[in-house]
Amino acid sequence: LVVDLNASLGRNAMSGFLTNDGPGNLFYAFTADGVLYGNNATIKNTESINWDQASFKNGVHSIRFTRVSNNSLYRIFAI
């Protein structure tokens, strides 16, 4: 599953957060160009991660989720 922030915003997201509201872990990776993703990372239930220009100079183009179950719940806020 890929969430294309660039398509939604018309540009890369310069800051935001990702929260896992589901019962299990989410495995995710960011890309700044829509092609090359970083290493997969894990976000556990109720955890949130934030990003900004300090962590992603060119912003976040997309977020790719791997091993997402049918009952996965997440929130993304991006600006």
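As the structure is a computational prediction, the values presented were derived from the model and not from experiment.
- Residue Phe77 shares its hydrophobic cluster (ILVMFWY side chains chained together at separations under 4.5 Å) with Phe17, Ile79.
- Within the structure, salt bridge (charged side-chain N to carboxylate O under 4.0 Å, His left out) pairs that include any residue of residues 18-36 comprise Asp21-Arg75 (at least two apart or interchain).
- Scored by the ring-ring contact (aromatic ring centres under 6.0 Å, His included) test, Phe27 finds no partners at all (sequence neighbours excluded).
- Applying the salt bridge (charged side-chain N to carboxylate O under 4.0 Å, His left out) test to pairs two or more places apart or on separate chains, none has a residue in residues 42-62.
- Closest heavy-atom contact between Ser62 and Tyr37: CB-OH, 3.6 Å.
- A 4.5 Å side-chain heavy-atom check between Asn40 and Arg64 finds at least one atom pair inside the cut-off.
- Here Phe30 pairs with Tyr28, Trp51, Phe56 under the ring-ring contact (aromatic ring centres under 6.0 Å, His included) rule; sequence neighbours left out.
- Remark: Leu73 CG to Thr19 OG1 distance equals 12.0 Å, nearest 0.5 Å.
- Taking CG of Asn20 as the reference point, atom CG of Leu26 lies at 4.0 Å (rounded to 0.5 Å).
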Would you mind writing out the side-chain donor-acceptor pairs for residues 1-15 within the sub-3.5 Å range, not counting sequence neighbours?
{"from": "Asp4", "atom 1": "OD1", "to": "Asn6", "atom 2": "N", "distance (Å)": "3.1"}
{"from": "Asp4", "atom 1": "OD1", "to": "Ala7", "atom 2": "N", "distance (Å)": "2.9"}
{"from": "Asn6", "atom 1": "ND2", "to": "Asn12", "atom 2": "OD1", "distance (Å)": "2.8"}
{"from": "Ser8", "atom 1": "OG", "to": "Asp4", "atom 2": "O", "distance (Å)": "3.4"}
{"from": "Asn12", "atom 1": "ND2", "to": "Ala32", "atom 2": "O", "distance (Å)": "2.9"}
{"from": "Asn12", "atom 1": "ND2", "to": "Asn58", "atom 2": "O", "distance (Å)": "2.9"}

